[in-house]
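Remarks on the structure that follows.
Scope of the values below: all heavy atoms of this structure, side chains included, with no hydrogens, waters or symmetry mates.
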Amino acid sequence: MTSVTDAALPYFSPEKTSLSLSYSAESGSRPVDAVIFAGVSLVLGTACRQLFNGTRVPYTVVLLVIGIVLGSLEYGTNHNLGKMGHGIRIWNDINPDLLLAVFLPALLFESSFSMDVHQIKRCLGQMVLLAGPGVLISTFWIGSLLKLTFPYNWDWKTSLLLGALLGATDPVAVVALLKELGASKKMTTIIDGESLMNDGVSVVIFQLFLKMVMGSTSDWSFIIKFLTQNSFGAVGIGVAIGIASVFWLRFVFNDIVVQITVTLSVSYFAYYTAQEWAGVSGILTVMTLGMFFAAFARTAFKGENHQSLHHFWEMVAYIANTLVFILSGVIIAVGDFSSRKISYEGASWGFLFLLYFYVQLSRCVMVGILYPLLRRFGYGLDWKESIILTWSGLRGAVSLSLALSVKQSSGNSYISSETGTRFLFFTGGIVFLTLVVNGSTTQFLLHLLRMDTLTGTKKRILEYTKFEMMNTAFKAFENLEDDEELGSADWHTVIGHIPSLKNLQGEQVDPHDGCEAGNADPRNIMDIRVRFLNGVQAAYWEMLDDGRITQGTANVLMQSVDEALDLVSTESLCDWRSLKPCVRFPKYYKFLQSRIIPRKLVSYLIVERLESACYISSAFLRAHRIARQQLRGFLGNSDIASVVIIESEVEGEEAKQFLEEVRDSFPQVLSVLKTRQVAHYVLNHLNGYIKNLEKVGLLQGKEVSHLHDSVQSDLKKLLRNPPLLKLPNANDLITTNPLLRPL
């Protein structure tokens with residue numbers, strides 16, 4: 001088995017081992033003290049999240065500062081924090097490989113699983129450029145500047161080792177910041193995906209240079225073989241485990257505990273299999289696994305199960321982020337106290353700030369070199385977005401863990417103890433500076449570039465919605481304004497206690513006032529198309545929950561909406577275009593029906609295709625009808641809404657024509673599909689009825705369990721053995737079709 005440090009055959013000092021073993025006995029600490037530190041960290045993190053909510057101070061920066069304060073108090077006062085201090089020391093002495101193995105799989109899986117698959121496909125070229133050539137550019141740029149300007153007599157391999165270590169933009173830090181600041185979906189996808197891939201590639205390059213520094217061979221054949229095995233091997237393992245996991249989930253029916261456990265366990269199993277057994281990048285493996293789940297398993301979780309899964313992983317990410325950033329602060333503080341000789345040198349701090357400048361410069365050079373290509377791939381990249389991309393290169397727990405592994409490997413003829421200490425000092429300083437300086441100013445930079453402001457169209461929609469809120473509030477007031485028990489209430493008094501509804505009195509203005517169908521602003525039409533297609537996609541999710549469509553059909557339909565969303569600025573609604581290849585009624589279908597051909601052959605050739613096509617067509621028409629109703633209810637009969645509604649009606653003509661052709665030639669297909677839908681809907685309705693009876697207290701434990709199990713058993717049977725289509729045989733055709741009857 002291999003790991004970050006094992007891969008380099010590290011040398012561990014006996015003195016360090018004896019000191020760590022004797023610490024517990026001498027200090028009176030117990031392993032349970034580690035739990036105290038984790039608990040107190042979560043309490044402090046939760047309090048800070050609540051305290052700084054709504055401010056411009058990023059939550060992750062606050063956590064890092066808390067960690068630095070805790071580490072400084074414990075190591076600066078020599079055990080003055082008592083049991084809490086013992087816990088800090090236990091966590092600080094944790095092996096860096098174990099630190100990565102505990103926190104990274106869950107954080108990486110949550111981040112990659114939550115990414116939009118269509119956005120990943122469109123931005124994949126940009127992410128690969130930044131994580132491949134971009135990492136190499138950053139590594140060699142930083143390494144070269146270190147070799148040429150720093151006075152430590154490091155050879156090229158050692159300088160490039162620190163360059164690779166600092167080239168990893170930490171996905172934990174970046175994702176946490178982007179989610180908190182609410183960056184655009186495109187920017188979040190590019191930076192999030194780049195940081196995930198970048199992290200995996202950087203660790204692989206770090207392992208390569210660490211092997212070289214520790215005396216391993218360094219010819220080109222070894223380098224190419226090492227990089228190829230780590231990269232492609234990791235992707236292959238991630239895909240293989242993803243296929244097995246998705247196949248497993250198909251046999252899990254409405255058991256959210258099992259579903260969540262599968263997602264959690266496979267993330268750790270994939271990391272361990274890749275990192276320890278196969279000797280490839282565990283980070284790339286988990287990232288691949290998460291993206292595979294996002295592509296092929298998202299629709300496996302329906303309704304309440306989908307919400308439960310989302311909330312679970314959100315909680316896991318929150319807990320892990322809180323502990324990781326506080327622990328990172330502790331490690332930075334400990335690194336400073338353990339290298340007092342270095343930190344007391346004024347020159348060391350000067351070189352730290354110079355290194356921070358080099359890191360930012362390398363990021364700027366990397367984005368600048370790749371900018372012509374980044375503009376051409378995916379959704380493109382403008383100059384404002386390139387500035388945010390440059391400034392968002394945060395470093396975090398991954399870089400610190402790698403620096404700790406170097407420090408543990410030092411104290412021998414390959415890496416001196418002083419070099420290992422300097423690596424930890426510089427890395428801790430860069431992590432602190434990027435999180436505090438870059439992290440805390442990113443929101444200001446977004447505001448300075450006017451990337452966080454609402455467009456004119458969105459502002460008009462917002463004002464219009466506020467007036468709709470007033471109307472909705474008044475209707476709610478009318479429902480409760482008078483009752484038998486408490487009497488009546490005064491509307492103006494009620495409004496006085498709802499600040500969000502103040503200053504909304506007056507005349508309501510249409511959000512697209514003055515826009516006529518012939519000369520409407522294209523940006524307004526684009527905005528309404530986006531909202532309409534979002535409504536269509538939401539309707540698909542609802543139909544999946546109700547059992548109207550299958551998982552495969554839902555994936556196809558949602559992909560069509562994603563592709564149409566990319567074209568709203570240049571074309572009318574076009575989500576039907578990508579569905580056309582799946583919905584066809586060739587002429588030979590009628591030929592097969594009109595001739596005396598074995599029914600089994602007909603079923604084999606066309607029935608399955610027809611069923612899928614009918615599911616797609618009927619769901620498309622229903623979703624568009626729901627979205628049109630919602631748009632009319634929101635905007636009324638405005639001209640700009642009418643433009644999008646007409647586009648939707650035109651889109652549905654081919655779907656209607658297809659269903660009519662099926663109804664004329666194969667009416668049995670529609671009948672069977674409708675039977676499946678109604679049976680599934682009735683069973684779901686019964687589930688809701690039983691839950692409601694339990695909620696109001698009319699049913700109790702065993703009664704609810706018995707009825708619920710009965711309905712769930714029927715649902716499982718319906719999904720695994722649905723009603724099948726039986727085409728009429730030749731005699732039935734002759735009997736029912738007057739054209740085929742004998743004269």
Side-chain angles (χ1 to χ4, degrees), residues 1-3 97 100-118 120-121 124 171 193 196-197 199-201 203-204 228-303 305-306 308-310 312-313 316-317 320 544 549-556 558-559 612 712 715-716 719-722:
M1 294 189 295
T2 61
S3 63
D97 293 327
L100 292 176
V102 169
F103 293 111
L104 271 190
L107 288 169
L108 293 172
F109 183 86
E110 187 273 337
S111 180
S112 53
F113 181 46
S114 62
M115 294 178 70
D116 187 287
V117 179
H118 180 70
I120 294 174
K121 291 179 181 178
L124 186 61
L196 288 168
M197 292 185 179
D199 210 48
V201 173
V203 171
V204 172
T228 303
Q229 286 180 345
N230 272 270
S231 302
F232 292 101
V235 173
I237 293 175
V239 171
I241 296 178
I243 292 173
S245 304
V246 171
F247 182 75
W248 184 1
L249 286 173
R250 289 186 178 181
F251 293 93
V252 180
F253 179 76
N254 276 2
D255 193 336
I256 187 58
V257 174
V258 173
Q259 291 174 326
I260 289 177
T261 304
V262 168
T263 59
L264 180 64
S265 59
V266 297
S267 63
Y268 282 92
F269 177 75
Y271 184 88
Y272 177 84
T273 301
Q275 193 78 26
E276 302 296 328
W277 177 71
V280 299
S281 173
I283 295 174
L284 286 177
T285 300
V286 177
M287 181 204 71
T288 304
L289 176 66
M291 290 184 178
F292 188 89
F293 261 74
F296 298 101
R298 189 177 297 275
T299 54
F301 309 96
K302 305 174 185 177
N305 289 0
H306 188 272
S308 299
L309 180 74
H310 171 73
F312 169 80
W313 277 106
V316 169
L544 177 64
I549 55 177
T550 62
Q551 293 180 27
T553 302
N555 287 328
V556 173
M558 291 176 187
Q559 182 179 350
S612 175
Q712 290 296 308
L715 265 173
K716 188 183 297 185
L719 289 175
R720 295 182 178 176
N721 301 293

So which atom in [X] and which in [Y] form the shortest heavy-atom distance, rounded to 0.1 Å?
X    : Y    : answer
G279 : N230 : O-OD1, 3.6 Å
A278 : I237 : CB-CD1, 3.6 Å
S245 : F293 : CB-CZ, 3.4 Å
A294 : V117 : O-CG2, 3.1 Å
Q229 : V280 : O-CG1, 3.3 Å

Can you find a heavy atom in the side chain of V246 that is under 4.5 Å from one in the side chain of F292?
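A side-chain contact under 4.5 Å exists here.
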Can you confirm whether M115 sits close enough to L196 that some side-chain heavy atom of one is under 4.5 Å from a side-chain heavy atom of the other?
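Yes - at least one pair of side-chain heavy atoms lies under 4.5 Å apart.
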Out of curiosity, [X] [atom1] to [Y] [atom2], how far, rounded to the nearest 0.5 Å?
X    : Y    : atom1 : atom2 : value
T553 : Q551 : OG1   : CD    : 10.0 Å
L544 : M558 : CG    : CE    : 6.0 Å
S267 : L107 : OG    : CG    : 10.0 Å

Relative to each other, are the rings of F251 and F247 parallel, tilted or perpendicular (30° and 60° limits)?
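F251 and F247: perpendicular rings.
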Output a table of donor-acceptor pairs, distance under 3.5 Å, between side-chain atoms of residues 282-291 and any protein atom two or more places apart or on a different chain; print 'none' if there are none.
unit_1: T285; atom_1: OG1; unit_2: A234; atom_2: O; d: 3.3
unit_1: T285; atom_1: OG1; unit_2: S281; atom_2: O; d: 2.8
unit_1: T288; atom_1: OG1; unit_2: L284; atom_2: O; d: 2.8

Y271 ring center near F109 ring center (under 6.0 Å)
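No: the rings miss the under 6.0 Å criterion.
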Applying side-chain hydrogen bond (donor to acceptor under 3.5 Å, both in side chains), can you list everything that pairs with D255, at least two apart in sequence or on another chain?
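Testing D255 for side-chain hydrogen bond (donor to acceptor under 3.5 Å, both in side chains), a comparison that skips the adjacent residues, returns none.
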Give a yes or no on this: more than 12 heavy atoms of other residues, nucleotides or ligands lie within 6.0 Å of atom CZ of F269.
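At most 12 heavy atoms, drawn from other residues, nucleotides or ligands, come within 6.0 Å of this atom.
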Anything under 3.5 Å between a donor and an acceptor, one on a side chain of residues 257-265, the other on a protein residue two or more places apart or in another chain? List them.
unit_1: Q259; atom_1: OE1; unit_2: N305; atom_2: ND2; d: 3.4
unit_1: T261; atom_1: OG1; unit_2: V257; atom_2: O; d: 2.6
unit_1: T263; atom_1: OG1; unit_2: I260; atom_2: O; d: 2.6
unit_1: T263; atom_1: OG1; unit_2: W313; atom_2: NE1; d: 3.2
unit_1: S265; atom_1: OG; unit_2: T261; atom_2: O; d: 2.8
unit_1: S265; atom_1: OG; unit_2: V262; atom_2: O; d: 3.2

